[in-house]
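Within every chain, numbering begins at 1; the chains are lettered A, B, ... in the order of the sequence lines, protein sequences first and strands thereafter.
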Amino acid sequence: MKLAKAYEPNEYEPNIYALWEKSGAFKPSGKGEPFSTVMPPPNANGNLHIGHALDMGLKDIMVRYKRMQGFDSIYIPGADHAGFETWVVYEKELSKKGQSRFDFSREQLYNQVWDFVDQQRGNMELQLRAIGVSADWEKLVFTLDEKVIKTVNSTFKKLWDEGLIYRGERIVNYSTKFQTSYADIEVDHKVEKGTLWHIAYPLIDKVGEIVIATTRPETLFGDTAVAVNPNDERYKDLIGSHVMLPLTDREIPIIADDYVDATFGTGAVKITPAHDPNDFEVGKRHDLERIQVIDFDGTMMNVPDEFKGLDAETARKRTLAALQAQELIRKEEEIEHTVGYDYKSGLPIQPLIKDQWFLKMEPLAKRALEALEKGEITFYPASRQQILKQYLRNIRDWNLSRQIPWGIPIPAFQNVADEADWIFDDRVDQETIEIDGKTYKREEDTFDTWFSSGQWPFITTEALDGGDLSRFYPTSLMETGTDLLDRWIARMIMLGLYVTDQVPFKDVYLHGMVLDEHSQKMSKSRGNVINPMDSIAAYGSDALRLGLIASRSPGQNQAFGPDRIVAGRNFCNKLWNIARFIENKLGDNFQPNEPKAKSLADHWIIGELKTAKETIERTLDDYRFAEASDAMYHAIWDSVADWYIEASKDQDNPDLLAWVIDTSLKLAHPFAPFVTETIWQTLQWHDSLLITETWPEILPFNDISAAEFGELQKLVNEARFVITSLPGNEKYSLLYEDDSLIEDNKDLIKRLAKLKDVSILSQPKGLRLATSGRDAWLDVSAETLAEHQINLEERLAATHKDIQALEGRLSNENYVKKAPIALVEETKKQLDEKKAVVLRLQHELEVLS
RNA sequence: GGGCGCUUAGCUCAGUUGGCUAGAGCAUCUCGUUUACACCGAGAGGGUCGGGGGUUCGAAUCCCUCAGCGCCCACCA
């Protein structure tokens, strides 16, 4: 088969992927040590972004590498219903149609979203194929699959039975925009400048007032006390007396509580148990009433008529105006404080009281910490483990319930006759159930998405049922973005240990964010988003993968631009053209025999590929993707293409040439799967798939012959350097004196250094190639030589400097005594070489003068 | 307030037990169409590795310190 002049990835990629998939290459072999990784299920609500391409690409490199190395390997794909995230997307769709969630029943909504997601999922899976993930599609798990729900429910029941689940009224982070509560880690905390208003509350029992300080005056209507520190001398006498709550006719007490910091503000705090977590706790201690004044939709309630229905921000302005009118504002102070924002809408989060399901985290976190202390999981980069530990040490209970219909229903029912009586039952398709003559009503909330995602490794590997994938649990590698350390990694470790008594994975690799080429975050609003599908269409899937992993280190955010993709594309084309040359050279009917090194170049290239192979193994085993890819890239481009292919034009060893292309393709395959497989399929001596080929074996070679080729390279390099530094574009001949290495490789040297000729002579003549250490000259004319004198002097000076440095090192007694012997020997050898160069240069200068 | 990270060539970044002349991609300059490739080849220039100090025979790499930048966590109203 004749290959086109340039590699056109789009012509081949879809067919190659179909070939792999059809052949069953993605399935585990069932032989060898297991290697497994699970896909962080992409949200089934839209398109993949560039981060996915990196995420999926890194894992795919490992899976392909391990597969070729003979591991029983699997990459388990997934799709996430992404409860809240999808819900937000779907609500937008609804509002486009002029509809809202309130127009439908829970079942209707669930079904509508299901259809929406089903459609999106197909699209997403196509995109994953375009990225080239070698995932076992038959094992795909969707987070709303029957088996997922079953496992999630049984985990919930276990937690419930063991007293780790509780339901209660708590202050929760509430999004008034999306009308659901959030987990603590879903709140964006921002430090901002704000105003601390000092407001006078008139005393009732006594003459005077007490001044409280607050940043949220609009919640004043929900105040049920004023608190001071019990040891605060200023207010000691006032404890137990009452104040009149401004703008109302309500009397509230002044109480003492240690929570109050006497040094902050005025030392007196308004207590609003329904709208502040601290006040909530104070309220519990003092048995205070909770008055909700901000409704779940974010508008004011239980307030005087003129404030009713206002949004919180407007209510704040009006409240301040009303207080101003009554001359109750004593002071305005600028302060820095943190404000919680809805990570999705950007609006402030309202702390509101709601009955919610909570998971006690402390016992789970404790086990996770123990496992981390024991080193049961290795982190890349290691520093992230510290951050995780810190998170686990300060963990708070997890609010599991979300007030959205899209998700796994919480399997709980409430006795209609007894509000406090909740039971576990998974018959969530029924609104009410009867048990022992009692009627129970279904919980309407769904689980936080991360509750199911947190069980992902043992769900996808069917570890609990002993399914045929259970040999892959615990999984080998968990690879995801640094941003998911707490919300996903931590929870998988905790729930994994809780449910399976094992850590869910051995290694965790975290990648940083893909930023745009100016290190700015990619975002639609900035318009700097690189769409992976567009890149693939323009440059090919391999180019994108190569570009993404180049120069990237774990946990580090890194800029990424078209330059890197282009470089990847160019590499693929280089590989393509190496193949074109070789196929052309070998002919259509070639069938290789046992490859064997014959020429110096043969020995040398085997050595180069050996080094590359070992470097790739060493780095990849340590997840140093960029270094591995770099080693592969330069072995193929610099060694195979620039030297070996050139050398092959003057020699004939087809068996070895075939071995070189085969080995190159194998080494490159994890990094550039499509182009390597495409080429493999065109090589007529293969009837296999590269994807399931074995990792290359290196042929025996002779070190000395390889080193001799290195000598030739040195000579060629010097000739090239000297020729380009000479004026004009003349061609020169190389003359040599009794040198069998040159004699035997005349044609090669002539070709590589672009010489007119290479010939033996009896008398030295022209310009000597001094640094290569051989008896070789270029036939440079006397006039040119005179001009060249300066060049020689410069080189002599530079060499002298090198000698000085080397001698300095060797004259240091401690260096000779303490440095490794090999290093000292190397230094000595270098010194000798440099000295020889000086002699030759000096000789040249003498001849010239 | 705690924790983590970054500062290396014009740009974006690698550099893992401290050891040859500190690397890559892109960009720049010179030359070149020799049939694998101009998505190319040959060559070159460009860095006091943020500043200062220390440990060491030897530091981009380890320690201290200063400066600048970024991220995460934290209920002080």
(message) When you measure from the side chain of His286(A) to the backbone of Ile255(A), do you find a donor-acceptor pair of N or O atoms at a distance under 3.5 Å?
(response) no
(message) Under a 3.5 Å cut-off for both contacts, is rU35(B) paired Watson-Crick or G-U wobble with anything, and if yes, with which nucleotide?
(response) none
(request) Output the single nucleotide from rA24(B), rG25(B), rU12(B) whose closest atom is nearest the side chain of Asp630(A). (result) rA24(B)
(request) Determine the contact category for Gln830(A): base if any of its heavy atoms lies under 4.0 Å from a base atom, sugar-phosphate if only primed atoms, P, OP1 or OP2 are that close, otherwise nothing. (result) base
(request) Decide yes or no, distance alone: a donor-acceptor N/O pair under 3.5 angstrom between the base of rA36(B) and the side-chain of Glu646(A). (result) yes
(request) For the side chain of Arg624(A), starting at C-beta, report the closest nucleotide among rU16(B), rG43(B), rU12(B). (result) rU16(B)
(message) With a 4.0 Å limit, can you tell me whether Ser553(A) has a side-chain N or O closer than that to the phosphate oxygens OP1/OP2 of rA14(B)?
(response) yes
(request) Check every atom of rG3(B), rG19(B), rG43(B) against the side chain of Gln390(A) and return the nucleotide holding the closest atom. (result) rG3(B)
(request) Classify the side chain of Lys5(A) versus the base of rA38(B) as yes if they form a donor-acceptor pair under 3.5 Å and no if they do not. (result) no
(request) Could you tell me whether the phosphate oxygens of rG41(B), OP1 or OP2, come under 4.0 Å of any side-chain nitrogen or oxygen in Trp637(A)? (result) yes
(message) Looking at Lys585(A) and Leu657(A), would you say the former's side chain and the latter's main chain have a donor-acceptor pair under 3.5 Å?
(response) no
(message) Under 4.0 Å, counting only non-hydrogen atoms across every strand here, what does Asn394(A) touch: a base, just sugar-phosphate, or nothing?
(response) nothing
(message) So, does Lys521(A) get its side chain near the phosphate of rC71(B), meaning an N or O under 4.0 Å from OP1 or OP2?
(response) no
(request) Establish whether the base of rC75(B) is bridged to the side chain of Asn278(A) by a donor-acceptor pair shorter than 3.5 Å. (result) yes
(request) Mark yes or no for a side-chain to base donor-acceptor pair under 3.5 Å between Arg580(A) and rC37(B), with no hydrogen or angle criteria applied. (result) no
(message) For Asp642(A) and Ala262(A), find the nucleotide of RNA chain B closest to each by heavy atoms; which residue's nucleotide sits nearer the 5' end?
(response) Asp642(A)
(message) Could you check whether any side-chain N or O of Asn10(A) sits under 3.5 Å from a backbone N or O of Ala537(A), counting only pairs where one atom can act as donor and the other as acceptor?
(response) yes
(request) Quote, to the nearest angstrom, the C1' distance that separates rC13(B) from rG52(B). (result) 26 Å
(request) Examine distances only and state if a side-chain atom of Asn584(A) and a backbone atom of Arg580(A) form a donor-acceptor pair shorter than 3.5 Å. (result) no
(message) Rounding to an integer number of angstrom, what distance separates rG23(B) and rC64(B) when you compare their P atoms?
(response) 29 Å
(message) Does the structure show a Watson-Crick or G-U wobble partner for rG68(B), both distances under 3.5 Å? Name it, or say none.
(response) rC6(B)
(request) Identify the nucleotide, in any strand shown, that forms a Watson-Crick or G-U wobble pair with rA59(B), with both distances under 3.5 Å; if there is none, say none. (result) none
(message) Under 6.0 Å from the ring centre and within 45 degrees of the ring axis: does the NZ or CZ of Arg720(A) meet both conditions for the six-membered ring of Trp643(A)?
(response) yes
(request) Select base, sugar-phosphate, or nothing to describe what Phe264(A) touches, counting heavy atoms under 4.0 Å on all strands. (result) base
(request) Quick one: label Gln558(A) by what it contacts on the DNA or RNA (base, sugar-phosphate, nothing), any heavy atom closer than 4.0 Å. (result) sugar-phosphate
(message) Determine whether a donor-acceptor pair (one donor, one acceptor, N or O, separation below 3.5 Å) exists between the side chain of Lys574(A) and the base of rC37(B).
(response) yes
(request) Please determine, for rG23(B), whether a Watson-Crick or G-U wobble partner exists with both distances under 3.5 Å, and give it or none. (result) rC13(B)
(request) Measure distances between side-chain N and O atoms of Arg751(A) and base N and O atoms of rU34(B), and say whether any donor-acceptor pair falls under 3.5 Å. (result) no
(request) Name the orientation class of the two ring planes belonging to Tyr12(A) and Tyr7(A) (parallel below 30°, tilted from 30 to 60°, perpendicular beyond 60°). (result) parallel
(message) Work out how far the C1' atom of rG32(B) is from that of rA24(B), and round it to whole angstrom.
(response) 25 Å
(message) Looking only at the side chain of Glu826(A) (C-beta and beyond, no hydrogens), which of the listed nucleotides rG41(B), rC13(B), rC20(B) gets closest?
(response) rC20(B)
(message) Please check this pair: side chain of Asp622(A) against backbone of Arg624(A), looking for a donor-acceptor N/O pair closer than 3.5 Å.
(response) no
(request) Measure from the side chain of Ser551(A), starting at C-beta and using heavy atoms only, and say which of rA36(B), rA14(B), rA77(B) lies closest. (result) rA14(B)
(request) Select one nucleotide: of rC39(B), rG25(B), rA36(B), the one nearest the side-chain heavy atoms of Asn570(A). (result) rC39(B)
(message) Both distances below 3.5 Å, Watson-Crick or wobble geometry, any strand: find the nucleotide opposite rG47(B).
(response) none
(request) Ignoring backbone atoms, test whether Asn584(A) places a side-chain nitrogen or oxygen under 4.0 Å from the OP1 or OP2 oxygen of rU35(B). (result) no
(message) For Asn557(A) and Asp638(A), find the nucleotide of RNA chain B closest to each by heavy atoms; which residue's nucleotide sits nearer the 5' end?
(response) Asn557(A)
(request) Check whether any side-chain N or O of Thr682(A) sits under 3.5 Å from a backbone N or O of Ile679(A) as a donor-acceptor pair, and report yes or no. (result) yes
(message) Given rG5(B), rG19(B), rA74(B), identify the nucleotide with an atom nearest to the side chain of Thr338(A).
(response) rA74(B)
(message) Starting the side chain at C-beta, find the nucleotide from rA36(B), rG15(B), rG19(B) nearest to Glu627(A).
(response) rG15(B)
(request) Please tell me which of the listed nucleotides, rU12(B), rA42(B), rC6(B), lies nearest to the side chain of Arg720(A)? (result) rA42(B)
(message) Using the side-chain heavy atoms of Thr214(A), tell me which of these nucleotides is nearest: rA14(B), rA24(B), rA77(B).
(response) rA77(B)
